[in-house]
2 protein chains.
Amino acid sequence: MDNREMILETALDLFYARGYDAVGVQEIVERSGVTKPTLYYYFKSKYGLLEQLLESRGEPFMERLHKACAYEGDLRNTLSAAAGELASFAKQEPKFYTLFLALYHSAKENEAYQAVRPLVIRLQQEIEQIFVSAAGILGNMHGRQRQFSLGFIGLILYDIKMKLEVNGGLRMTISQEEIHSLVHQFMHGIYS
Amino acid sequence: MDNREMILETALDLFYARGYDAVGVQEIVERSGVTKPTLYYYFKSKYGLLEQLLESRGEPFMERLHKACAYEGDLRNTLSAAAGELASFAKQEPKFYTLFLALYHSAKENEAYQAVRPLVIRLQQEIEQIFVSAAGILGNMHGRQRQFSLGFIGLILYDIKMKLEVNGGLRMTISQEEIHSLVHQFMHGIYS
DNA sequence: CTCATTCTATACCGTTCGGTATATTGTGTC
DNA sequence: GACACAATATACCGAACGGTATAGAATGAG
(Lines give C-alpha, C1' and ligand atoms only; values in the text may rest on other atoms or scores of the structure.)
Protein backbone atom coordinates (compact mmCIF):
# COMPACT_ATOMS: atom_id res chain seq x y z
CA MET A 1 0.00 0.00 0.00
CA ASP A 2 1.44 3.35 -0.98
CA ASN A 3 1.70 6.27 1.41
CA ARG A 4 -1.35 8.06 0.14
CA GLU A 5 -3.60 5.05 0.65
CA MET A 6 -1.95 4.34 3.97
CA ILE A 7 -2.81 7.83 5.20
CA LEU A 8 -6.41 7.48 4.05
CA GLU A 9 -6.78 4.15 5.82
CA THR A 10 -5.24 5.46 9.03
CA ALA A 11 -7.41 8.56 8.94
CA LEU A 12 -10.50 6.39 8.53
CA ASP A 13 -9.54 4.29 11.54
CA LEU A 14 -8.89 7.32 13.73
CA PHE A 15 -11.83 9.46 12.61
CA TYR A 16 -14.07 6.45 13.09
CA ALA A 17 -12.81 5.81 16.60
CA ARG A 18 -12.53 9.32 18.00
CA GLY A 19 -14.00 11.77 15.49
CA TYR A 20 -12.55 14.28 13.05
CA ASP A 21 -11.94 17.15 15.46
CA ALA A 22 -10.43 15.02 18.21
CA VAL A 23 -7.72 13.53 15.99
CA GLY A 24 -4.56 15.51 15.26
CA VAL A 25 -2.60 15.46 12.03
CA GLN A 26 0.47 14.43 13.97
CA GLU A 27 -1.09 11.19 15.14
CA ILE A 28 -2.27 10.31 11.65
CA VAL A 29 1.17 10.64 10.11
CA GLU A 30 2.89 8.82 12.96
CA ARG A 31 0.61 5.81 12.65
CA SER A 32 1.00 5.90 8.88
CA GLY A 33 4.78 5.86 9.16
CA VAL A 34 5.22 9.13 7.28
CA THR A 35 5.76 12.78 8.17
CA LYS A 36 3.56 15.82 7.96
CA PRO A 37 4.76 17.22 4.63
CA THR A 38 3.83 13.93 2.99
CA LEU A 39 0.25 14.27 4.18
CA TYR A 40 0.11 17.90 3.12
CA TYR A 41 1.62 17.02 -0.24
CA TYR A 42 -1.24 14.68 -1.04
CA PHE A 43 -4.15 16.35 0.71
CA LYS A 44 -3.24 20.02 1.10
CA SER A 45 -4.99 20.29 4.47
CA LYS A 46 -6.64 18.24 7.18
CA TYR A 47 -9.98 19.18 5.71
CA GLY A 48 -8.79 18.10 2.27
CA LEU A 49 -7.86 14.73 3.75
CA LEU A 50 -11.39 14.29 5.04
CA GLU A 51 -12.88 15.36 1.71
CA GLN A 52 -10.77 12.91 -0.26
CA LEU A 53 -11.47 10.17 2.25
CA LEU A 54 -15.20 10.69 1.85
CA GLU A 55 -14.91 10.85 -1.90
CA SER A 56 -12.63 7.85 -2.37
CA ARG A 57 -14.77 5.60 -0.16
CA GLY A 58 -18.12 7.13 -1.00
CA GLU A 59 -17.95 7.36 -4.77
CA PRO A 60 -17.86 3.63 -5.55
CA PHE A 61 -20.82 3.16 -3.28
CA MET A 62 -22.81 5.99 -4.83
CA GLU A 63 -22.41 4.42 -8.24
CA ARG A 64 -23.68 1.09 -7.01
CA LEU A 65 -26.55 2.79 -5.26
CA HIS A 66 -27.45 4.74 -8.38
CA LYS A 67 -27.88 1.52 -10.33
CA ALA A 68 -29.82 -0.10 -7.53
CA CYS A 69 -32.21 2.87 -7.38
CA ALA A 70 -33.24 2.65 -11.01
CA TYR A 71 -37.03 2.55 -10.80
CA GLU A 72 -38.60 -0.30 -12.65
CA GLY A 73 -42.29 0.01 -11.98
CA ASP A 74 -42.41 -1.45 -8.51
CA LEU A 75 -41.82 0.80 -5.52
CA ARG A 76 -41.41 -2.00 -3.02
CA ASN A 77 -38.76 -3.79 -5.07
CA THR A 78 -36.88 -0.60 -5.80
CA LEU A 79 -36.81 0.44 -2.15
CA SER A 80 -35.67 -3.05 -1.23
CA ALA A 81 -32.87 -2.86 -3.77
CA ALA A 82 -31.73 0.49 -2.42
CA ALA A 83 -31.89 -0.70 1.18
CA GLY A 84 -30.07 -3.90 0.24
CA GLU A 85 -27.30 -1.91 -1.37
CA LEU A 86 -26.93 0.23 1.74
CA ALA A 87 -26.78 -2.88 3.89
CA SER A 88 -24.19 -4.66 1.79
CA PHE A 89 -22.09 -1.53 1.74
CA ALA A 90 -22.28 -1.23 5.52
CA LYS A 91 -21.20 -4.83 5.78
CA GLN A 92 -18.24 -4.28 3.48
CA GLU A 93 -17.11 -0.99 5.01
CA PRO A 94 -18.45 -0.86 8.55
CA LYS A 95 -16.00 1.79 9.73
CA PHE A 96 -16.72 4.12 6.84
CA TYR A 97 -20.43 3.54 7.19
CA THR A 98 -20.33 4.41 10.88
CA LEU A 99 -18.16 7.46 10.25
CA PHE A 100 -20.58 8.62 7.58
CA LEU A 101 -23.48 8.32 9.99
CA ALA A 102 -21.63 10.22 12.71
CA LEU A 103 -20.80 13.06 10.32
CA TYR A 104 -24.36 13.03 9.03
CA HIS A 105 -25.59 13.81 12.53
CA SER A 106 -22.80 16.18 13.54
CA ALA A 107 -23.16 19.91 14.14
CA LYS A 108 -24.16 21.79 11.02
CA GLU A 109 -21.55 24.51 11.32
CA ASN A 110 -18.76 22.02 11.84
CA GLU A 111 -16.18 21.57 9.08
CA ALA A 112 -16.79 17.85 9.01
CA TYR A 113 -20.49 18.28 8.36
CA GLN A 114 -19.72 20.54 5.43
CA ALA A 115 -17.46 17.86 4.03
CA VAL A 116 -20.08 15.14 4.19
CA ARG A 117 -22.90 17.25 2.78
CA PRO A 118 -22.24 16.43 -0.90
CA LEU A 119 -22.52 12.74 -0.10
CA VAL A 120 -25.65 13.26 1.99
CA ILE A 121 -27.30 15.29 -0.74
CA ARG A 122 -26.56 12.68 -3.38
CA LEU A 123 -27.89 9.93 -1.15
CA GLN A 124 -31.07 11.91 -0.58
CA GLN A 125 -31.44 12.62 -4.28
CA GLU A 126 -31.07 8.97 -5.21
CA ILE A 127 -33.75 7.92 -2.76
CA GLU A 128 -36.03 10.84 -3.48
CA GLN A 129 -35.83 10.06 -7.17
CA ILE A 130 -37.38 6.69 -6.44
CA PHE A 131 -40.44 8.32 -4.94
CA VAL A 132 -40.61 10.89 -7.72
CA SER A 133 -40.57 8.09 -10.29
CA ALA A 134 -43.23 6.25 -8.36
CA ALA A 135 -45.42 9.34 -8.07
CA GLY A 136 -47.01 8.66 -11.44
CA ILE A 137 -48.23 5.33 -10.19
CA LEU A 138 -49.01 6.22 -6.60
CA GLY A 139 -50.44 9.56 -7.49
CA ASN A 140 -51.22 10.53 -3.93
CA MET A 141 -47.90 11.89 -2.75
CA HIS A 142 -48.89 15.55 -2.83
CA GLY A 143 -45.28 16.67 -3.04
CA ARG A 144 -44.29 14.66 -0.02
CA GLN A 145 -41.50 12.86 -1.84
CA ARG A 146 -38.89 14.63 0.25
CA GLN A 147 -40.54 13.75 3.51
CA PHE A 148 -40.93 10.13 2.48
CA SER A 149 -37.35 9.81 1.29
CA LEU A 150 -35.94 11.38 4.45
CA GLY A 151 -38.02 9.07 6.58
CA PHE A 152 -36.96 6.07 4.57
CA ILE A 153 -33.29 7.00 4.80
CA GLY A 154 -33.52 7.52 8.52
CA LEU A 155 -35.23 4.21 9.08
CA ILE A 156 -32.79 2.20 6.98
CA LEU A 157 -29.58 3.89 8.13
CA TYR A 158 -30.48 3.54 11.78
CA ASP A 159 -31.63 -0.05 11.45
CA ILE A 160 -28.37 -1.01 9.77
CA LYS A 161 -26.36 0.80 12.41
CA MET A 162 -28.14 -1.11 15.15
CA LYS A 163 -27.49 -4.41 13.41
CA LEU A 164 -23.83 -3.47 13.02
CA GLU A 165 -23.53 -2.69 16.71
CA VAL A 166 -25.18 -5.77 18.14
CA ASN A 167 -22.83 -7.91 16.08
CA GLY A 168 -19.73 -6.07 17.22
CA GLY A 169 -18.88 -4.52 13.90
CA LEU A 170 -18.10 -7.54 11.78
CA ARG A 171 -20.24 -10.57 11.07
CA MET A 172 -23.27 -8.43 10.39
CA THR A 173 -25.95 -10.27 8.56
CA ILE A 174 -29.02 -8.66 7.15
CA SER A 175 -31.16 -11.01 5.16
CA GLN A 176 -33.32 -10.26 2.16
CA GLU A 177 -36.28 -11.04 4.37
CA GLU A 178 -35.33 -8.41 6.92
CA ILE A 179 -34.96 -5.85 4.16
CA HIS A 180 -38.37 -6.67 2.77
CA SER A 181 -39.87 -6.56 6.23
CA LEU A 182 -38.40 -3.10 6.84
CA VAL A 183 -39.64 -1.81 3.51
CA HIS A 184 -43.04 -3.28 4.18
CA GLN A 185 -43.15 -1.59 7.55
CA PHE A 186 -42.21 1.70 5.94
CA MET A 187 -44.75 1.47 3.14
CA HIS A 188 -47.61 0.52 5.37
CA GLY A 189 -47.22 3.91 6.98
CA ILE A 190 -47.42 5.60 3.63
CA TYR A 191 -50.50 3.87 2.32
CA SER A 192 -52.55 4.13 5.46
CA MET B 1 -28.86 34.91 34.87
CA ASP B 2 -25.85 34.10 37.04
CA ASN B 3 -22.46 33.27 35.60
CA ARG B 4 -22.81 29.53 35.99
CA GLU B 5 -26.07 29.40 34.06
CA MET B 6 -24.69 31.83 31.50
CA ILE B 7 -21.75 29.52 30.82
CA LEU B 8 -24.04 26.52 30.48
CA GLU B 9 -26.28 28.35 28.04
CA THR B 10 -23.35 29.59 25.96
CA ALA B 11 -21.79 26.13 25.90
CA LEU B 12 -25.06 24.67 24.67
CA ASP B 13 -25.25 27.21 21.86
CA LEU B 14 -21.68 26.58 20.76
CA PHE B 15 -21.64 22.80 21.14
CA TYR B 16 -24.89 22.66 19.24
CA ALA B 17 -23.56 24.78 16.40
CA ARG B 18 -20.05 23.42 15.98
CA GLY B 19 -19.61 20.37 18.22
CA TYR B 20 -17.83 19.73 21.50
CA ASP B 21 -14.32 19.20 20.16
CA ALA B 22 -14.39 22.14 17.79
CA VAL B 23 -15.24 24.69 20.47
CA GLY B 24 -12.52 26.06 22.73
CA VAL B 25 -12.91 27.04 26.35
CA GLN B 26 -11.67 30.52 25.49
CA GLU B 27 -14.57 31.20 23.18
CA ILE B 28 -17.10 29.99 25.72
CA VAL B 29 -15.89 32.31 28.44
CA GLU B 30 -15.58 35.29 26.11
CA ARG B 31 -19.15 34.96 24.94
CA SER B 32 -20.30 34.45 28.50
CA GLY B 33 -18.58 37.63 29.62
CA VAL B 34 -16.40 35.86 32.17
CA THR B 35 -12.84 34.54 32.34
CA LYS B 36 -11.41 31.06 32.37
CA PRO B 37 -10.97 30.60 36.11
CA THR B 38 -14.67 31.27 36.57
CA LEU B 39 -15.52 28.41 34.25
CA TYR B 40 -13.02 26.14 35.95
CA TYR B 41 -14.31 27.16 39.34
CA TYR B 42 -17.79 25.88 38.53
CA PHE B 43 -17.04 22.95 36.24
CA LYS B 44 -13.49 21.81 36.99
CA SER B 45 -12.77 20.95 33.35
CA LYS B 46 -14.17 21.25 29.85
CA TYR B 47 -15.41 17.69 30.15
CA GLY B 48 -17.04 18.52 33.46
CA LEU B 49 -18.84 21.38 31.77
CA LEU B 50 -20.27 19.00 29.19
CA GLU B 51 -21.27 16.51 31.88
CA GLN B 52 -23.08 19.13 33.92
CA LEU B 53 -24.71 20.55 30.80
CA LEU B 54 -26.06 17.12 29.91
CA GLU B 55 -27.19 16.49 33.44
CA SER B 56 -28.81 19.85 34.07
CA ARG B 57 -30.78 19.76 30.83
CA GLY B 58 -31.29 16.01 30.65
CA GLU B 59 -32.41 15.24 34.17
CA PRO B 60 -35.71 17.14 34.14
CA PHE B 61 -36.57 15.45 30.89
CA MET B 62 -35.68 11.98 32.14
CA GLU B 63 -38.04 12.43 35.06
CA ARG B 64 -40.89 13.41 32.81
CA LEU B 65 -40.11 10.52 30.52
CA HIS B 66 -40.06 8.10 33.42
CA LYS B 67 -43.60 9.05 34.36
CA ALA B 68 -44.74 8.90 30.76
CA CYS B 69 -43.31 5.40 30.39
CA ALA B 70 -45.28 3.89 33.25
CA TYR B 71 -46.95 0.91 31.66
CA GLU B 72 -50.68 0.74 32.17
CA GLY B 73 -51.76 -2.31 30.26
CA ASP B 74 -51.75 -0.89 26.76
CA LEU B 75 -48.55 -0.98 24.73
CA ARG B 76 -49.75 1.38 22.04
CA ASN B 77 -50.79 4.07 24.49
CA THR B 78 -47.62 3.74 26.52
CA LEU B 79 -45.41 4.02 23.44
CA SER B 80 -47.42 7.02 22.30
CA ALA B 81 -46.97 8.66 25.67
CA ALA B 82 -43.21 8.10 25.55
CA ALA B 83 -42.95 9.37 21.98
CA GLY B 84 -45.12 12.35 22.83
CA GLU B 85 -42.87 13.22 25.74
CA LEU B 86 -39.81 13.05 23.50
CA ALA B 87 -41.50 15.28 20.95
CA SER B 88 -42.58 17.90 23.45
CA PHE B 89 -39.11 17.95 24.91
CA ALA B 90 -37.56 18.42 21.47
CA LYS B 91 -39.94 21.29 20.89
CA GLN B 92 -39.04 22.93 24.19
CA GLU B 93 -35.29 22.43 23.90
CA PRO B 94 -34.46 22.01 20.20
CA LYS B 95 -30.78 22.84 20.61
CA PHE B 96 -30.26 20.43 23.44
CA TYR B 97 -32.24 17.76 21.64
CA THR B 98 -30.12 18.15 18.52
CA LEU B 99 -26.90 18.18 20.52
CA PHE B 100 -28.00 15.01 22.29
CA LEU B 101 -28.62 13.29 18.97
CA ALA B 102 -25.24 14.36 17.60
CA LEU B 103 -23.45 13.05 20.67
CA TYR B 104 -25.51 9.87 20.53
CA HIS B 105 -24.11 9.19 17.06
CA SER B 106 -20.57 10.41 17.67
CA ALA B 107 -17.46 8.26 17.78
CA LYS B 108 -17.50 5.78 20.63
CA GLU B 109 -14.01 6.54 21.89
CA ASN B 110 -14.64 10.25 21.94
CA GLU B 111 -14.90 12.02 25.28
CA ALA B 112 -18.24 13.50 24.34
CA TYR B 113 -19.76 10.10 23.65
CA GLN B 114 -18.64 8.89 27.07
CA ALA B 115 -20.36 11.90 28.61
CA VAL B 116 -23.69 11.24 26.93
CA ARG B 117 -23.72 7.51 27.61
CA PRO B 118 -25.44 7.71 31.01
CA LEU B 119 -28.30 9.61 29.42
CA VAL B 120 -28.47 7.21 26.47
CA ILE B 121 -28.54 4.21 28.77
CA ARG B 122 -31.31 5.65 30.88
CA LEU B 123 -33.35 6.48 27.80
CA GLN B 124 -32.90 2.93 26.54
CA GLN B 125 -33.84 1.49 29.90
CA GLU B 126 -37.01 3.53 30.11
CA ILE B 127 -38.15 2.42 26.69
CA GLU B 128 -37.04 -1.16 27.12
CA GLN B 129 -38.94 -1.35 30.38
CA ILE B 130 -42.12 -0.67 28.43
CA PHE B 131 -41.56 -3.74 26.30
CA VAL B 132 -40.56 -5.82 29.29
CA SER B 133 -43.77 -4.85 31.05
CA ALA B 134 -45.74 -5.67 27.94
CA ALA B 135 -44.07 -9.04 27.54
CA GLY B 136 -46.54 -10.67 29.91
CA ILE B 137 -49.37 -9.66 27.66
CA LEU B 138 -47.71 -10.02 24.30
CA GLY B 139 -45.85 -13.15 25.26
CA ASN B 140 -44.18 -13.54 21.91
CA MET B 141 -41.13 -11.31 22.29
CA HIS B 142 -38.60 -14.08 22.78
CA GLY B 143 -36.15 -11.78 24.51
CA ARG B 144 -36.26 -9.26 21.72
CA GLN B 145 -37.19 -6.40 24.03
CA ARG B 146 -33.84 -4.77 23.48
CA GLN B 147 -34.06 -4.95 19.74
CA PHE B 148 -37.58 -3.56 19.76
CA SER B 149 -36.69 -0.71 22.08
CA LEU B 150 -33.62 0.27 20.07
CA GLY B 151 -35.64 0.25 16.87
CA PHE B 152 -38.38 2.30 18.47
CA ILE B 153 -35.93 4.87 19.80
CA GLY B 154 -34.22 5.18 16.44
CA LEU B 155 -37.49 5.65 14.63
CA ILE B 156 -38.83 8.30 17.01
CA LEU B 157 -35.62 10.26 17.49
CA TYR B 158 -34.95 10.48 13.78
CA ASP B 159 -38.51 11.38 12.91
CA ILE B 160 -38.50 14.21 15.44
CA LYS B 161 -35.16 15.45 14.17
CA MET B 162 -36.50 15.58 10.64
CA LYS B 163 -39.57 17.50 11.75
CA LEU B 164 -37.32 19.91 13.64
CA GLU B 165 -35.19 20.52 10.58
CA VAL B 166 -37.92 21.13 8.03
CA ASN B 167 -39.37 23.77 10.34
CA GLY B 168 -36.09 25.55 10.84
CA GLY B 169 -35.68 24.72 14.49
CA LEU B 170 -38.57 26.55 16.06
CA ARG B 171 -42.26 26.28 15.30
CA MET B 172 -42.09 22.48 15.21
CA THR B 173 -45.46 20.88 15.53
CA ILE B 174 -46.03 17.21 16.00
CA SER B 175 -49.61 16.29 16.54
CA GLN B 176 -51.05 13.49 18.60
CA GLU B 177 -52.18 11.94 15.35
CA GLU B 178 -48.68 11.85 13.93
CA ILE B 179 -47.44 10.21 17.10
CA HIS B 180 -50.12 7.56 16.94
CA SER B 181 -49.41 7.00 13.26
CA LEU B 182 -45.72 6.49 13.98
CA VAL B 183 -46.43 4.08 16.79
CA HIS B 184 -48.89 2.22 14.64
CA GLN B 185 -46.30 1.94 11.90
CA PHE B 186 -43.79 0.61 14.38
CA MET B 187 -46.12 -1.93 15.94
CA HIS B 188 -47.35 -3.29 12.67
CA GLY B 189 -43.82 -4.43 12.02
CA ILE B 190 -43.70 -6.21 15.34
CA TYR B 191 -46.97 -8.09 15.06
CA SER B 192 -46.57 -9.21 11.48
C1' DC C 1 25.03 12.35 -17.34
C1' DT C 2 21.73 15.81 -16.74
C1' DC C 3 17.77 17.58 -15.78
C1' DA C 4 12.96 17.91 -14.31
C1' DT C 5 9.58 16.00 -11.51
C1' DT C 6 7.76 13.53 -7.80
C1' DC C 7 7.95 12.43 -3.28
C1' DT C 8 9.65 12.71 1.51
C1' DA C 9 12.19 14.42 5.81
C1' DT C 10 14.26 17.96 9.11
C1' DA C 11 13.22 21.61 11.53
C1' DC C 12 10.53 25.19 12.41
C1' DC C 13 6.37 28.74 12.50
C1' DG C 14 2.64 31.35 15.05
C1' DT C 15 -1.60 30.23 17.34
C1' DT C 16 -4.59 27.99 20.18
C1' DC C 17 -5.35 24.35 23.27
C1' DG C 18 -6.91 22.96 28.21
C1' DG C 19 -5.58 24.28 32.58
C1' DT C 20 -3.61 26.95 36.81
C1' DA C 21 -0.86 29.78 40.53
C1' DT C 22 -1.85 33.79 42.69
C1' DA C 23 -4.19 37.73 44.07
C1' DT C 24 -8.29 40.50 44.62
C1' DT C 25 -13.02 41.51 45.32
C1' DG C 26 -17.44 41.07 47.34
C1' DT C 27 -20.50 39.49 51.23
C1' DG C 28 -22.33 37.93 55.36
C1' DT C 29 -20.78 36.45 60.48
C1' DC C 30 -19.02 37.02 64.87
C1' DG D 1 -13.47 45.67 62.64
C1' DA D 2 -11.70 41.03 61.88
C1' DC D 3 -12.47 36.89 59.70
C1' DA D 4 -14.00 33.23 56.61
C1' DC D 5 -15.50 31.99 52.34
C1' DA D 6 -17.33 32.20 47.81
C1' DA D 7 -16.49 34.14 43.39
C1' DT D 8 -13.76 36.42 39.95
C1' DA D 9 -9.62 38.48 37.40
C1' DT D 10 -4.55 38.92 35.79
C1' DA D 11 -1.15 36.64 33.93
C1' DC D 12 0.89 32.72 32.86
C1' DC D 13 2.13 27.45 31.72
C1' DG D 14 3.67 23.52 28.70
C1' DA D 15 1.77 20.99 25.12
C1' DA D 16 -0.54 20.29 21.04
C1' DC D 17 -2.64 22.37 17.18
C1' DG D 18 -2.60 22.95 11.79
C1' DG D 19 0.64 24.24 8.58
C1' DT D 20 5.23 25.34 5.97
C1' DA D 21 10.12 26.77 4.27
C1' DT D 22 13.75 24.33 2.69
C1' DA D 23 16.45 20.70 1.19
C1' DG D 24 17.45 16.06 0.01
C1' DA D 25 16.38 11.52 -2.15
C1' DA D 26 14.28 8.78 -5.81
C1' DT D 27 12.80 8.13 -10.48
C1' DG D 28 12.22 8.35 -15.29
C1' DA D 29 13.30 11.08 -19.82
C1' DG D 30 16.39 13.34 -23.01
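Chain letters run A, B, ... following the sequence lines, proteins first, then strands; residues in each count from 1. Only this structure's heavy atoms are used, side chains among them; waters, hydrogens and symmetry mates stay out.
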Between A:Tyr158 and B:Tyr158, does the ring centroid distance fall short of 6.0 Å?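 No; B:Tyr158 has its ring centre 6.0 Å or more from that of A:Tyr158.
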So for atom NZ, which belongs to A:Lys44, do other residues, nucleotides or ligands contribute more than 12 heavy atoms lying within a distance under 6.0 Å?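 At most 12 heavy atoms, drawn from other residues, nucleotides or ligands, come within 6.0 Å of this atom.
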For DNA chain D, whose closest nucleotide is more 5', that of A:Gln26 or that of A:Lys44?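 Its nearest nucleotide lies further toward 5', so the answer is A:Gln26.
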Which comes earlier along DNA chain D counting from the 5' end, the contact point of B:Tyr41 or that of A:Tyr40, where each point is its nearest nucleotide?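 First, find each residue's nearest nucleotide; the 5'-ward one identifies B:Tyr41.
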Round to the nearest Å and state the distance from [X] atom [atom1] to [N] atom [atom2].
X	N	atom1	atom2	result
A:Leu39	D:dT20	CG	P	12 Å
B:Glu111	C:dC17	CD	C1'	13 Å
A:Leu49	D:dC17	CG	P	15 Å
B:Lys46	D:dA15	NZ	P	20 Å
A:Glu27	D:dA15	CD	C1'	15 Å
B:Ile28	C:dT16	CD1	C1'	14 Å
A:Arg4	C:dT6	CZ	P	15 Å
B:Arg18	C:dT16	CZ	P	13 Å

Below 4.5 Å, heavy atoms only, C-beta onward: do B:Ser88 and B:Arg64 meet side chain to side chain?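 A side-chain contact exists here, since the closest heavy-atom pair is under 4.5 Å.
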Would you say the side chain of A:Arg122 lies within less than 4.5 Å of the side chain of A:Glu59, judging by non-hydrogen atoms?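 They are in contact (side-chain heavy atoms under 4.5 Å apart), so the answer is yes.
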Look at the side chain of B:Lys36 against the base of C:dG19 and say whether a donor-acceptor pair falls under 3.5 Å; ignore hydrogens and angles.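 In this structure, the two groups form a donor-acceptor pair.
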Would you say [X] reaches [N]'s phosphate, i.e. side-chain N/O to OP1/OP2 under 4.0 Å?
X	N	value
B:Thr38	D:dT8	no
A:Tyr42	C:dT6	no
A:Asn3	C:dT8	yes

Check for me whether A:Lys46 meets the cation-pi criterion with A:Tyr20, that is, NZ or CZ under 6.0 Å from the six-membered ring centre and within 45 degrees of the ring axis.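 Cation-pi check for A:Lys46 and A:Tyr20: passes.
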Just checking A:Val23: base, sugar-phosphate only, or nothing, at a heavy-atom cut-off of under 4.0 Å?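 The answer is sugar-phosphate, as A:Val23 gets under 4.0 Å only of primed atoms, P, OP1 or OP2.
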